[in-house]
Structures are given as structure tokens and as C-alpha cells.
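Down below is the structure, laid out as C-alpha cells.
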Amino acid sequence: MQTGRDNRQEEIARIVGHHLPKAELRGAERLTGGVSADVYRLDICGADGREEALVLRLHGPTHGGHDASLEFALLDSLHTAGAPVAKPILADTSGTLCPHPFVLTTFAAGTTALPEEHLASRVAAMAQTLADLHALPLSNLPDLPARLDPRPELLRWLEDESGQGPADAYRKTIAALGETRFNGTPTLLHGDFWPENIIWQGNKITAVLDWEDAAIGDPLSDIACTCLELRYIFGKPAMRAFEAASATHRQIDPQRLALWLAYVSMAALRHMGDWRLPAERESRMRREATATLREAMSCF
């Protein structure tokens, strides 16, 4: 993530002063790249003189993910289970220190960079990590929403696009499919497993960030999301490489994956305008999402 400036320093100072009264705030820098939360790195010096970095996630007015209490509970469960996540420190939903709820965690050092020359090994590591997350027991997790059937939302989105391009034909095809609700064993889903949410140290993934879209449901929904995100950055071969790497961990039904690819592509096309992307990047992503949607629909 890159850093930037803004005017929330006084708010942040109040938060640190209240929740970490024996600590000194040495600096606060905004980490850009998020959309629905404002994220800051806080450099703290404790009473014992030990310096550490923390992360403050402020849920702003456009926040669309889990509330701060649920985000904290999920991170706490995942950290206890040994999953690669930042350790949660506290959540505050009181609104007394700043207008919005927030979560404070440890800082995950490393990089989100995904060098193209190491892409094959990194894609394999991503598939392994996602499979490990999918294998975590659900018994100790907080209640999360279900993500089992892409068809209802996909049909609604296509209906909204009625008369535009091939949307009507796509809608009729999806409506005519048989049962589309997932009937396997539900797993934990990250919901946004893409390079900017993955922290590397060397060739090892040390943290997976941003769990605000986590759910319980069909693991192919996560795989489809990562496939599309890799295609945005590296093209279709990277997408297929991740699909192949994921197939070494679980059996993949190509038609069901196509259904989820149609879902994530259509979701991206609807919401991409809210992501504050540079014009050139958005244009490229729209092309890739449109191509993925067309290819996915050709599977039915």
C-alpha cells in the first residue's frame, strides 16, 4: 500500500490517548488503496520504550462490509486458529472518539508486490493459502453471512442492464439453468482474496488483510474472485494458472466456476465506478471483466 496525508491527526491522537494511554503516538500515515475504510499506519512508542506499528481501520460513511465488532471477532477467531492475519487489539463502536467505528490491529510487515518473474510460484502459494483458509473449522467463527448461490443477484444485475448489449440473452440463459445453490460443505470465504490484500515476506504469505467481505459458503466464489483479479493485472494466462493451482487442492466443476466468474465479473462492472480508479486502469479492468463474463456465459 502507498501512504498519503489527510487531516485526521487529532482524531487519531484522541483514539491512541484513550485506548493506549501509556503510549506515545510518533506518527500516523494513511495507507491508500482501500475504498470502504480509511486505513492508517500508527507508529507507537510504549511506556517501556518499545516501538511498534499498528493499523487503524476507520469505517467511514461508505463502508459496506462487516461492522467493526464482527470484524474484530472474526480476526480474533482467525488469529487464535493460527491463520495468517493481523492480531486484533480492539474495536470501538461507541462514536465518542470519532464519528465512525474502528478496529485497531497489529501491523503486518512485508509487501503486496507480486513480481511477474515470480508469478508461477506466487500463484501456487496463493492457491495453497486460500485452500488452507477454506479448510479452517467453522465452529469457532462468529456468525457470517452465507454466500451459496450466485444466481439471484446475477439475475437482478442483468435485469438492471436489460436492453444493453447481450444482457437479456445472458439473463435468459442463467434463468434457465437447473439448481444453482451450493450443495457441498460450506467453507470460510475471504471474499476479496486479491494481491493488494496479501502480504508477502520473500516467497511466503505472512498475512491476509481486509476481511470485511468474509462469508460462509461456496469456495468457488473465492476462487472466481481471485481469478478475475489476477486477470486484471497479468492477463488471462494468470487467471488460468490460478484456476489450475486451485484444482490441485479441490475438485472444480468448470460450469459452476463459470457461474461464479459471471457473478464476480458482473459485480465488478456494476460497482467499479465507485472504486476511485484511474481512468486507464478502470478501462482495462472493464475490458477484462466484460471478456470474462462473455467467456463464462459461453460455458452454458
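Predicted, not measured: the structure shown is a model, and the values here were computed from it. We number each residue from 1, following the sequence as shown.
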Please round to the nearest 0.5 Å and tell me the distance separating atom CH2 of Trp211 and atom CG of Leu133.
4.5 Å
Give a yes-or-no answer on whether the side chains of Arg294 and Ser298 include a donor-acceptor pair shorter than 3.5 Å.
no
Nearest-0.5 Å distance, CD1 of residue Ile15 to CG of residue Leu58
5.0 Å
Take Glu159 and Arg156 through the test salt bridge (charged side-chain N to carboxylate O under 4.0 Å, His left out) and record every step on the way to the result.
CA-CA 5 Å; Glu159 180 67 32; Arg156 185 167 67 251; over 6 Å; no
Arg181 atom CZ: more than 12 heavy-atom contacts under 6.0 Å
no
Could you give the side-chain donor-acceptor pairs of residues 73-82 under 3.5 Å, partners two or more places apart or in another chain?
from: Ser77; atom 1: OG; to: Ala73; atom 2: O; distance (Å): 3.1
from: Ser77; atom 1: OG; to: Asn140; atom 2: O; distance (Å): 3.0
from: Thr80; atom 1: OG1; to: Asp76; atom 2: O; distance (Å): 2.8

With side chain to side chain contact (heavy atoms under 4.5 Å, CB included) as the criterion, how do Ile12 and Leu56 come out once you've worked through the C-alpha distance, each side chain's angles and the decisive distance to 0.1 Å?
CA-CA 9 Å; Ile12 292 170; Leu56 176 68; 3.9 Å; yes
Shortest non-hydrogen contact from Ala53 toward Asp43
CB-OD1, 3.9 Å
Count the heavy atoms belonging to other residues, nucleotides or ligands that lie under 6.0 Å from CD of Gln164, then report whether that count exceeds 12.
yes
Exercise answer: donor-acceptor pairs, residues 96-105 side-chain atoms, under 3.5 Å, sequence neighbours excluded:
from: Thr96; atom 1: OG1; to: Ser94; atom 2: OG; distance (Å): 2.9

Can Arg26 and Glu24 be counted as an ion pair, charged N to O under 4.0 angstrom?
yes
Rounded distance [0.5 Å steps], CD1 in Ile174 versus CG in Leu154:
5.0 Å
Qualifying ring pair (Phe, Tyr, Trp, His ring centres under 6.0 Å) pairs, either residue in residues 237-270, two or more places apart:
Trp157-Tyr263, Trp260-Tyr263
Hey, are the side chains of Leu114 and Ile233 touching, using non-hydrogen atoms and a 4.5 Å cut-off?
no
Asp213 to His66 - nearest heavy-atom pair and separation:
C-NE2, 3.9 Å
Check the pair Glu153, Arg270 against salt bridge (charged side-chain N to carboxylate O under 4.0 Å, His left out), reporting the backbone distance first and the verdict last.
CA-CA 12 Å; Glu153 281 185 290; Arg270 281 182 62 89; over 6 Å; no
Hydrophobic cluster membership, Leu148 vs Met266, 4.5 Å side-chain cutoff
no
Ala279: side-chain contact (heavy atoms from CB on, under 4.5 Å) partners, not counting sequence neighbours:
none
Looking at Asp38, Asp210, Asp67, which one forms a salt bridge (Lys or Arg N to Asp or Glu O under 4.0 Å) with Arg57?
Asp210
Could you check whether any side-chain heavy atom of Phe300 comes within less than 4.5 Å of a side-chain heavy atom of Leu259, counting everything from C-beta outward?
yes
Asp253 atom CG, over 12 foreign heavy atoms within 6.0 Å:
yes
Starting at NZ of Lys236, measure out to CE of Met239 and round the result to the nearest 0.5 Å.
7.0 Å
Judged by atom type as modelled, is there a donor-acceptor pair below 3.5 Å linking the side chain of Ser121 to the main-chain atoms of His118?
yes
Is Arg41 salt-bridged to Glu29, going by a charged N under 4.0 Å from an acidic O?
no
Rounded to the nearest 0.5 Å, what separates atom CE in Met126 from atom CD in Glu229?
9.0 Å
Taking the side chain as every heavy atom from C-beta outward, state whether Ile252 and Leu220 have any atom pair closer than 4.5 Å.
yes
Please list, chain by chain and in numerical order, all residues satisfying ring-ring contact (aromatic ring centres under 6.0 Å, His included) with His59, sequence neighbours excluded.
His63
Salt bridge between Glu11 and Arg8, side-chain N to carboxylate O under 4.0 Å?
yes
Determine, step by step, whether Arg250 and Ser246 satisfy the side chain to side chain donor-acceptor pair (under 3.5 Å) criterion, reporting the C-alpha distance in whole Å, the side-chain angles of both residues, the deciding distance to 0.1 Å, and the verdict.
CA-CA 7 Å; Arg250 70 168 55 251; Ser246 298; over 6 Å; no
Are Leu189 and Val208 in one and the same hydrophobic cluster, where Ile, Leu, Val, Met, Phe, Trp and Tyr link if side-chain heavy atoms are under 4.5 Å apart?
no
Minimum heavy-atom distance between Trp200 and Asn203, given as atom pair plus value
CZ3-O, 3.5 Å
Can you tell me how far apart NZ (Lys204) and OG1 (Thr129) are? Round to the nearest 0.5 Å.
9.5 Å
Short N-O contact, Glu282 and Arg286, less than 4.0 angstrom:
yes
Going through the distances and angles, do Trp194 and Ile198 end up as a side chain to side chain contact (heavy atoms under 4.5 Å, CB included)?
CA-CA 7 Å; Trp194 74 294; Ile198 299 169; over 6 Å; no
Taking Phe72 as the starting point, is it possible to reach Tyr40 by hopping between hydrophobic residues whose side chains are less than 4.5 Å apart?
no
Which of Arg147, His134, His190 passes side chain to side chain donor-acceptor pair (under 3.5 Å) with Asp222? It is His134
Under 4.5 Å between any side-chain heavy atoms of Glu52 and Arg50, yes or no?
yes
Report yes if the side chains of Leu261 and Glu295 come closer than 4.5 Å at any heavy-atom pair, otherwise no.
no
Flag side-chain contact, heavy atom, 4.5 Å: Ile216 against Leu141:
yes
What are the two closest heavy atoms between Leu25 and Ala13, and how far apart are they?
CD2-CA, 4.0 Å
Do Leu269 and Thr290 have side-chain heavy atoms sitting under 4.5 Å apart?
yes
Evaluate the criterion side chain to side chain contact (heavy atoms under 4.5 Å, CB included) for residue pair Glu116 and Phe234; output intermediate values, then yes/no.
CA-CA 8 Å; Glu116 192 162 5; Phe234 299 107; 4.0 Å; yes
For Ile199 versus Ala109, what's the shortest heavy-atom pair and its separation?
CG2-O, 3.2 Å
What are the two closest heavy atoms between Cys225 and Gly191, and how far apart are they?
SG-O, 4.1 Å
So, do Val55 and Leu42 sit near enough that their side-chain heavy atoms are less than 4.5 Å apart?
no
Can Phe182 be reached from Leu136 by stepping across I, L, V, M, F, W or Y side chains whose heavy atoms are under 4.5 Å apart?
no
Do Leu130 and Val264 sit in the same hydrophobic cluster, where Ile, Leu, Val, Met, Phe, Trp and Tyr count as joined when their side-chain heavy atoms come under 4.5 Å apart?
yes
Pair Asp218-Arg256, salt bridge (charged side-chain N to carboxylate O under 4.0 Å, His left out): steps then yes or no
CA-CA 10 Å; Asp218 185 349; Arg256 185 156 188 86; 2.5 Å; yes
Once salt bridge (charged side-chain N to carboxylate O under 4.0 Å, His left out) is applied, do any residues pair with Arg281, and if so which ones, sequence neighbours excluded?
none
Flag the pair Arg151 and Glu179 as a salt bridge only when some basic side-chain nitrogen lies within less than 4.0 angstrom of an acidic carboxylate oxygen.
no
